[in-house]
Amino acid sequence: MSYRIALVGIGKIARDQHIPAIAESGEFELAATASRSASVEGVNAYRTLPELLAAEPEVPCISLCTPPQVRYADARAALEAGRHVMLEKPPGATLSEVHDLAALAASRGLTLFTTWHSRHAAAVSAARSWLSEHEIDRIRISWREDVRHWHPGQDWVWEPGGLGVFDPGINALSVLTAILPRRIHLAEAVLDFPENRATPVAAELTFHDPRGAEVTASFDWLHPGEPEWDIHLHAGGAEAVLREGGARFLVGGTEVASGPDREYPGLYARFAELLAAGESEVDLAPLTHVADAFTIGLRRSAPLFDW
Ligand code: NAP
C-alpha cells in the first residue's frame with residue numbers, strides 16, 4: 001500500500017528531487033499539487049494549499065517545498081486538517097514556529113518530519129562512525145559555491161528569513177550535527193551583508209566544544225567555478241575529509257566510502273518509516289546554530305549584490 005501525498009511549491013527542488021523521488025518510491029503516490037504558477041502533468045492541481053485540503057480529503061500526507069518564509073501557515077493548515085507533514089530544510093523561518101508545529105502535530109497524533117537532505121548523503125554515516133572511534137582535535141567546514149549558478153534569480157534567499165549563505169551553509173551544519181558524537185554551541189560569528197540585501201553572502205563561525213576540539217566553518221556564496229562542500233576532520237592524529245556535500249569520505253587521502261546521490265529517496269523512505277511508526281522527527285540543531293549566528297554575529301558590510 002502506498003501513501004497518497006501532495007507537494008506544495010512546484011519550483012526547483014520539487015522538480016529536481018521530490019517528484020523523481022516520489023515517482024520511484026513504492027511507498028508514496030503523488031496525488032495533488034498546490035502551486036500558484038506550476039503543476040505536474042496528470043496530477044490534480046490547486047493554486048493554494050487551503051484549496052487542496054478542502055478538495056482532497058483523502059490525501060493524508062503533505063510535503064512542503066516552498067521557501068521557508070511562507071512554510072509555517074501551510075504547515076499549520078495541513079496539520080489542522082489532520083494531515084501528516086514533511087518540511088524542506090530549513091524547517092521554518094524561526095525556531096519558535098517549528099516548536100509550535102511540533103506541539104500541534106503531537107497534540108493531534110500526526111507525523112511532522114523536519115528533513116535535512118544532506119544527512120542522507122552516501123558517506124555521512126561512515127564519517128559518523130569514524131569520528132565516534134577517534135578523539136576529535138579539529139573540524140573545519142569549507143562550504144563555498146556560486147549563488148548565481150545554484151540559485152539563479154531566487155530573490156527570496158536575500159529577503160529576511162531567506163538565510164542568505166546559510167541556505168547552503170545549513171546543509172553543512174546538518175551534517176556536522178549528525179556526525180558529531182556530542183553537542184557544541186556557537187561561540188563567535190562574523191557575517192558579511194551586501195549593502196543592498198537583508199541576508200549575508202559570507203560567514204565565518206567558531207564553535208565551542210566542551211571537550212576542547214577546534215570547530216570552525218567558513219561559508220562563501222561568491223565562490224566561482226566548482227563548488228567546495230567539504231568537512232575536514234582531524235582526529236586521533238589522522239586526517240579525513242567528507243567531500244562533495246557528504247558523497248565521499250576519505251581517510252588519509254584514501255576513499256573509504258562513497259555512493260550515488262540518494263538523498264531524497266532516503267528522505268521519503270524515512271518519512272514512510274515515521275508514518276508507519278506513528279512518530280515525528282523534529283531536529284532543530286542546525287537551525288539553532290544559524291539563529292545563534294544571527295544573534296551574536298558581528299555584522300560587516302559587503303559590496304552590493306546583483307544577479
Ligand atoms: P524556488 O524554486 O524558488 O521556490 C519553490 C516554489 O515555492 C516556487 O516555485 C513557488 O511556486 C513557491 N512559492 C510560494 N511562495 C513563494 C514565495 N513567497 N517566493 C517564492 N516562491 C514561492 O525554491 P527551491 O530552490 O525549490 O527551494 C525551496 C526550498 O527547498 C528551500 O527551503 C530550499 O532551501 C530547499 N532546497 C532547495 C535546493 C535547491 O537546490 N534549490 C536544494 C535543497 C533544498 P509558485 O510560484 O508556483 O507558487
Side-chain angles (χ1 to χ4, degrees), residues 6-22 30 32-41 43-52 62-78 85-95 97-98 101 113-121 124 143-175 197-200 219 221 227 229 244-247 261-268 270-271 284 286-287 290-291 307:
L7 275 182
V8 183
I10 305 302
K12 186 171 189 312
I13 199 60
R15 291 194 183 287
D16 288 356
Q17 297 289 349
H18 289 260
I19 294 168
I22 291 169
L30 183 58
T33 60
S35 213
R36 297 162 307 180
S37 52
S39 58
V40 177
E41 206 183 327
V43 177
N44 292 350
Y46 304 88
R47 278 182 56 79
T48 68
L49 181 61
E51 286 170 41
L52 184 156
I62 309 290
S63 179
L64 298 182
C65 314
T66 42
Q69 296 102 323
V70 297
R71 198 119 16 82
Y72 171 77
D74 278 345
R76 193 165 176 97
V85 172
M86 170 164 157
L87 300 171
E88 249 300 349
K89 51 68 46 169
T94 68
L95 293 165
E97 66 184 35
V98 189
L101 296 175
F113 179 25
T114 60
T115 68
W116 299 106
H117 65 87
S118 293
R119 288 181 174 176
H120 290 262
V124 168
W143 222 255
R144 303 168 197 284
E145 64 177 44
D146 181 355
V147 62
R148 294 182 175 92
H149 177 80
W150 295 97
H151 296 272
Q154 291 184 327
D155 276 319
W156 62 263
V157 299
W158 297 113
E159 300 294 335
L163 298 191
V165 74
F166 288 101
D167 177 76
I170 204 168
N171 297 335
L173 299 177
S174 76
V175 173
R197 301 288 176 170
T199 59
F219 300 156
W221 230 2
W229 296 315
E244 296 171 24
D261 178 1
R262 304 280 306 153
E263 295 178 12
Y264 280 79
L267 290 180
Y268 279 95
R270 179 68 186 138
F271 192 33
L284 287 170
L287 187 59
V290 173
W307 296 108

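In what follows, residues are counted from 1 in the order of the sequence shown. Ligands are counted one by one from 1 in listed order, and the atoms in each one are counted from 1 as well.
Geometrically, ligand 1 and Y264 share no nitrogen or oxygen pair separated by less than 3.5 Å. Note: an N/O pair closer than 3.5 Å links K89 and ligand 1 by distance alone. Remark: ligand 1 and W150 share no N or O pair separated by less than 3.5 Å (distance only, no angle test). Considering backbone and side-chain N/O atoms, I13 comes within less than 3.5 Å of an N/O atom of ligand 1. Every N/O-N/O distance between H117 and ligand 1 stays at or above 3.5 Å.
Proximity of Q69 to ligand 1, defined as any heavy-atom pair under 4.0 Å, is not found for any part of the residue. The side chain of Q154, and not its backbone, has at least one atom closer than 4.0 Å to an atom of ligand 1 (non-hydrogen atoms only; side chain from C-beta on). In V70, the part holding a heavy atom less than 4.0 Å from any atom of ligand 1 is the side chain. Proximity of D167 to ligand 1, defined as any heavy-atom pair under 4.0 Å, is confined to the side chain (atoms from C-beta onward). Contacts between E88 and ligand 1 below 4.0 angstrom, taking non-hydrogen atoms only, involve the side chain exclusively.
Here is the list of ligand 1 atoms found below 4.0 Å of a heavy atom in C65: 5 (C), 28 (C), 29 (C). Residue-ligand proximity, P68 to ligand 1, at heavy-atom distances under 4.0 Å covers atoms 32 (O). Ligand 1 places these atoms under 4.0 Å from at least one heavy atom of I10: 9 (O). Below 4.0 Å from some heavy atom of A38 lie the following atoms of ligand 1, by number and element: 47 (O). Near S37, meaning under 4.0 Å from any of its heavy atoms, are these atoms of ligand 1: 45 (P), 46 (O), 47 (O). The atoms of ligand 1 that sit less than 4.0 Å from any heavy atom of K12 are 2 (O), 25 (O), 26 (O), 40 (O), 41 (N). Interface of R71 with ligand 1, defined as ligand atoms under 4.0 Å from a residue heavy atom, comprises 31 (C), 32 (O). Here is the list of ligand 1 atoms found below 4.0 Å of a heavy atom in S35: 11 (O), 45 (P), 47 (O), 48 (O).
Shortest non-hydrogen contact noted between S118 and S174 is CB-OG, 3.9 Å.
A heavy-atom distance below 4.5 Å is found between the side chains of R197 and D155. In this structure, F219 and R144 have side chains that are not in contact, with every pair of non-hydrogen atoms separated by 4.5 Å or more.
Given atom 29 (C) of ligand 1, the protein heavy atom at minimum distance is T66 O, 3.7 Å. Among all protein heavy atoms, the one lying closest to atom 31 (C) of ligand 1 is W156 CH2, 3.5 Å. Protein heavy atom closest to atom 16 (C) of ligand 1, with residue, atom name and distance, is R36 NH2, 3.4 Å.
In the candidate list P67, G153, G11, P67 is nearest to atom 7 (O) of ligand 1, counting heavy atoms.
Between W150 and W143, the ring center distance fails the sub-6.0 Å criterion.
A donor-acceptor pair under 3.5 Å is absent between the side-chain atoms of R119 and the main chain of V124, judged by distance alone. Side-chain atoms of R71 come within 3.5 Å of backbone N or O of T66 as a donor-acceptor pair.
The OG1 atom of T199 sits 9.0 Å away from atom CG of D167, with the distance rounded to the nearest 0.5 Å. Atoms CG and CG, on L64 and L49 in that order, are 6.5 Å from each other to the nearest 0.5 Å. Between the CD1 atom in I19 and the CD atom in E41 there is a gap of 11.5 Å [rounded to 0.5 Å]. Taken from OG1 in T48 to CG in D74, the straight-line distance is 8.0 Å, to the nearest 0.5 Å.
A donor-acceptor pair shorter than 3.5 Å can be found between the side chains of H18 and Y268.
For the side chain to side chain contact (heavy atoms under 4.5 Å, CB included) with K89, the qualifying choice from L287, I170, L163, L267 is I170, the only one to do so.
H151 and W156 have perpendicular rings, their planes meeting at more than 60° on a 0 to 90° scale where under 30° would count as parallel.
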